[in-house]
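This report concerns only the one structure given below.
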Amino acid sequence: MKKPLHVLAAVLAAGTVFTSSISPAFAEENTSPVQDTIVDSPAVQEGSTPFLDVNGTIYEEAVQFLLDNIITMGLSETHFGVEEPIKRVDTAVIMYKYLALDGQNNAPKTNFKDVPARAVPAVAALKYNGIIMGKSDVYFGSALNITRGEAAIIFSRSFGYETTDKVSIQPVEEASKFTDVTGHYVSAVNMLVERGIIQGKSNNRFGTNEYLTRGQFALMVYRMSQYERPSIND
C-alpha cells in the first residue's frame, strides 16, 4: 500500500534489516547536518516548484514530493538540475532521508576516506543496512556520478526495505529484455521495471553504464513511494 513519508519510520521498524559483510570502522566524524545540496528553495505557490527546469515537465510531481517532504533541494534557487547526473554521495543522502534512517546514527562507522562530513551518517546507515556499498573498503566514490545500473541495485535493496515486500528482493527472473543488463544487474533491473519504478532507454537497452540524472532519480524515489504492495489475497 502507499505509505506517506511520516509513517516510514514505523514501517521500517517492522521491515527487513540487511547487514553488511564489509568490516565496519570509522574514518570521519559527523560534524554537520546531512544535506545534499547547497541552497534552500524559496517559497512558491502551492502546486508548483521554484524550478524553471521542472515545472511543466514529467518531473514536476516527483520533485514537488521531494520538496514537500524536505528530502532534497535544488542546485540553485531556480534550477533543480533534472538533466544533471547525480553523485553517489547525494544519492546516499537522499535515500537516507527518504528511508527515515536518521534514527540510526549509531550505525557502525565506516573505513571510507572520501565521505564528506555532511554525509557520514547517511553512508554509515545505508552501508550498515546493506543498501549501498563502497567502491572498495576505504573508497566510497562520493564524487563519482552514479550509473543507472548502480542505482538499480541500490533501489532494489531500498525497495524491499522500505515496502517490506519480501518478494521484491528475490530474483524476478534470470534474464533481461535489455541487451546491456547482465550479471548482478539482472534481478535488480527486472524487479524495478516490473513494478514501474524505472524504464529502459529503449525497448532493448537499459543504459546500465550511463549516468542517472537528478530528474530520473527523483522519479524513481517518487514511484517507489507510490508503489502499492500486492495484497496477500491477490
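When a residue number appears, it is its place in the shown sequence, counting from 1.
Distance CG/L101 to OH/Y128: 11.5 Å, rounded to 0.5 Å. Expressed to the nearest 0.5 Å, how far CE of M95 lies from CD1 of I154 amounts to 8.0 Å. Between the CG atom in N129 and the CD1 atom in I131 there is a gap of 5.0 Å [rounded to 0.5 Å]. Rounded to the nearest 0.5 Å, atoms OG1 (T208) and CZ (F178) are 8.5 Å apart. We find the CG-OG1 distance between L212 and T91 to be 7.0 Å, quoted to the nearest 0.5 Å. Annotation: the span from K113 atom NZ to D137 atom CG amounts to 11.0 Å, rounded to 0.5 Å.
When all heavy atoms of A218 and V63 are compared, the pair lying nearest together is CB-CG2, 4.2 Å. Taking both residues in full, the closest heavy atoms of I153 and H184 are given as CD1-CD2, 3.1 Å, listed atom of the first, atom of the second, then distance. A pairwise comparison of heavy atoms in I58 and L219 identifies O-CD2, 3.5 Å as the closest pair. Of all non-hydrogen atoms in P108 and A124, the two that sit nearest each other are O-CB, 3.8 Å. Summarising the geometry of T49 relative to Q64, their closest heavy-atom pair is CG2-OE1, 3.2 Å, with the distance given to 0.1 Å. Summarising the geometry of A152 relative to L192, their closest heavy-atom pair is O-CD1, 3.4 Å, with the distance given to 0.1 Å.
Remark: L144 pairs with R88, K135, Y139 by the side-chain contact (heavy atoms from CB on, under 4.5 Å) rule, at least two apart or across chains. Listed by chain and number, the residues in a side-chain contact (heavy atoms from CB on, under 4.5 Å) with E84 are L75, H79, R214 (sequence neighbours excluded). Under the side-chain contact (heavy atoms from CB on, under 4.5 Å) criterion, T147 pairs with E150, Y211, not counting sequence neighbours. With sequence neighbours left out, the ring pair (Phe, Tyr, Trp, His ring centres under 6.0 Å) criterion links F217 to F155. Judged as a ring pair (Phe, Tyr, Trp, His ring centres under 6.0 Å), and not counting sequence neighbours, Y185 has no contacts. For E210, the side-chain contact (heavy atoms from CB on, under 4.5 Å) partners at least two apart in sequence or on another chain are R148, K201, R205.
Inter-residue side-chain proximity for L67 and P50 is flagged as met; some heavy-atom pair is nearer than 4.5 Å. Residues Q216 and Q199 form no side-chain contact, since every pair of their non-hydrogen atoms from C-beta on lies 4.5 Å or further apart. Using a 4.5 Å cut-off on side-chain heavy atoms (C-beta onward), Y98 and S225 make contact. Contact of the L99 side chain with the L126 side chain is registered, since non-hydrogen atoms from C-beta on lie closer than 4.5 Å. Using a 4.5 Å cut-off on side-chain heavy atoms (C-beta onward), F65 and V221 make contact. With a 4.5 Å cut-off on side-chain heavy atoms, T179 and F206 do not count as touching. Looking at heavy atoms from C-beta onward, I198 lies in side-chain contact with V193 at the 4.5 angstrom threshold.
T78 places no side-chain N or O within 3.5 Å of a backbone atom of F51 that could act as its donor or acceptor partner. Side chain of T72 to backbone of I94: no donor-acceptor contact under 3.5 angstrom is found. Side-chain atoms of D114 come within 3.5 Å of backbone N or O of S142 as a donor-acceptor pair. One N or O on the side chain of E60 and one on the backbone of G56 form a donor-acceptor pair closer than 3.5 Å.
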Open item on the list: Using the rule given for side-chain contact (heavy atoms from CB on, under 4.5 Å), can you reason through N145 versus I86, listing the C-alpha separation, both sets of side-chain angles and the distance that settles it, and then say yes or no?
Closed with: CA-CA 6 Å; N145 297 325; I86 186 167; over 6 Å; no
- [ ] Decide yes or no on side-chain contact (heavy atoms from CB on, under 4.5 Å) for F140 and M133, but give the supporting numbers first.
- [x] CA-CA 7 Å; F140 179 69; M133 302 297 172; over 6 Å; no
TODO: Decide yes or no on side-chain contact (heavy atoms from CB on, under 4.5 Å) for V89 and R118, but give the supporting numbers first.
DONE: CA-CA 10 Å; V89 66; R118 67 182 178 87; 3.7 Å; yes
Open item on the list: Determine whether S176 and T182 satisfy the following criterion, side-chain contact (heavy atoms from CB on, under 4.5 Å), listing intermediate values before the conclusion.
Closed with: CA-CA 7 Å; S176 174; T182 59; over 6 Å; no
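Put simply, L52 and Y59 are part of two different groups of oily side chains (I, L, V, M, F, W, Y) that touch within less than 4.5 Å, one to the next.
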